[in-house]
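Working notes, structure below.
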Amino acid sequence: MAVKHEESDLYKIRHSAAHVMAQAVLEMFPEGKIAIGPPIEDGFYYDFDLPRPLTPEDLEAIERRMREVIAGDYEFSRRELSADEARELFADQDYKLELIQGLEEGLDEYGESRVEKPVITTYRHDAFEDLCRGPHVEHTGQLNPDAIKLMQVSGAYWRGDERNPMLQRIYGTAWETAEQLEEYQNRLAEAEKRDHRKLGAQLDLFSIQPEQMGGGLILWHPKGGLIRHLVEEFCKSEHLAHGYDLVYSPHIGRSTLWETSGHLDFYAENMYAPMDIEGQEYYLKPMNCPFHIMMYNNSLRSYRDLPFRFAEWGTVYRFERGGVLHGLLRVRGFTQDDAHHFCRADQMPEEIDFVLNFCLHILRSFGFTEFNAYLSTRPEGKATGNPAMWEEAEAALEAALQRADIPYEIDPGAGVFYGPKIDLKIKDAIGREWQLSTIQFDFNLPERFDLTYVGEDGQEHRPYMIHRALLGSMERFFGVLIEHYGGAFPAWLSPVQAMLIPIADRHVAYAEQVAGRLKEAGLRVEIDDSSDRMGNKIRKAQEQKIPYMLVVGDKEAEAGTIAIRLRTNENLGPKPIDEFIDMAQAAVAEKRDL
Ligand SMILES: [Zn+2]
Ligand SMILES: [Zn+2]
């Protein structure tokens, strides 16, 4: 958690609310054990080891007690302790003892190593004292009891590791005002309606079946598969039109490759165990990069050949703990829309300009209009590559952001060790930010693989290498797309664009005739020839979020028309078939909603 957030009022409020909640829970279960309770993006949580599962009634009682503690206006006081003093204070709190041990070893409360050895501090209010580095509000009275709500209980493994005990995590939210809380709850209700896991099942787009086939692995059903095809088809043709080459690489590679690339050193924890093939170790690929580099290195490259833009829809496999898997958003196998740019120093600024604008162009095509970019620069100490290259690369990234005229923030020192990068986030229909594109310089792999090209001077030179993921992964992007549109995809992406609804059995033949003409015009059409009443058929099509419902009865059959209803409920009335074809084709061509 970045320091800038720690000093914000909301951070202090949420952190303090977590303490007050832990106090209330321990009063209810004096034998209970407390683990960690950080503030999070929209509230806070605390993990507990309790003798029985919590009920909704428990949460109400905990909330009531929290109000009393808030009304008591107790002061939060901080003190520093030695490790031994802390062990004595938390003698019967096993998780805290483990945290104290970690603090002694230089790990923070999230188990991450910190450069400076942390000082052990506690915060106390009323009779509750917790291991904590703060900061907090000054008094519990500064919390607004009408702006705090306990949301839910879920299971969470200690330290997120499924080999550890399962704890009960109480999520709460806390704001400054009751109005903010209400707005938050409204946003949440909206987000729940759009949940891609729910819509994925309702619209039969994809499934995940962990019991039978393992967690974090996605089955793309026909309708989801069609959307993915449409997304890829559009993107691939845009790539080809913009100077990219499409390449393909295998799913596994010999250990020697991952040794040269360094992945077995710095990325091993994300890789699956190797398999043995004729006495040699092969690994599932966690990234496509080394393969693209092998392609670059397969021929002698001249300055005239550059830039190269290798693009691949490459399926990679990365280790994720079972506890953190989440629908399409956090998976174990996914397909990146990956590309690697190789260019000369003099081409680099232009190449960066190009790639940023290309990303924006594609993202805009999917209906995203608001962007935020984050530029991460050279980290202290551990960076590879020469500082002059870092500076040139950072300058090119920032200049490109300025020219693209999108809002951006610089995160100084937040770059990975091998190069600066831009992360591009989009805002969805309900204002949530999602990170999709990354444009990442690499000063490490060109060295490790000794990438060169022959310059105009006849000498060997090192090319610039840039990794670029645009939509990110097809799985995650699909999740974002489902939630952004709430499942009501624009016409060009809708698996079924029009549902023909014959009013009675005798209109089915005419419906088939119309469907034939629409299919010839390239539209995706189905006929609901079930025995349901018309109202029911319309409701079913609306539930499937089909853009156009075309009702046909006696009048339409006689006049050769169709009665058009939009999924927005708008009724356009009877229209000639050709007029509908023009309208739908235009919506598809312009990637409009309807
Ligand atoms: Zn605290
Ligand atoms: Zn890469």
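Computed from a predicted model, the values in this text were never measured in an experiment. Indexing begins at 1, ligand by ligand and atom by atom, following the structure's order. Start at 1 with the first residue, then count along the sequence.
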Q) Once the angle between the rings of Phe76 and His136 is folded into 0 to 90°, is it parallel (under 30°), tilted (30 to 60°) or perpendicular (over 60°)? A) parallel
* Whether His292 has an N, O or S atom under 2.8 Å from the Zn ion (ligand 2) -> no
The NE2(His19)-the Zn ion (ligand 1)-NE2(His136) angle, to 10°, is 90°
Here the vertex angle at the Zn ion (ligand 2) for SG of Cys289 and NE2 of His340, given to 10°, is 110°
Do the rings of His19 and His125 sit parallel, tilted or perpendicular, given the 30° and 60° boundaries?
tilted
**Q.** Residue pair Tyr408 / Glu398, side-chain donor-acceptor N/O under 3.5 Å
**A.** yes
Q.
The test is side chain to side chain contact (heavy atoms under 4.5 Å, CB included); show your working for Phe478 and Trp220 and say whether it passes.
A. CA-CA 10 Å; Phe478 192 31; Trp220 295 73; 3.3 Å; yes
In His467, the N/O/S atom nearest the Zn ion (ligand 2) carries the name ND1
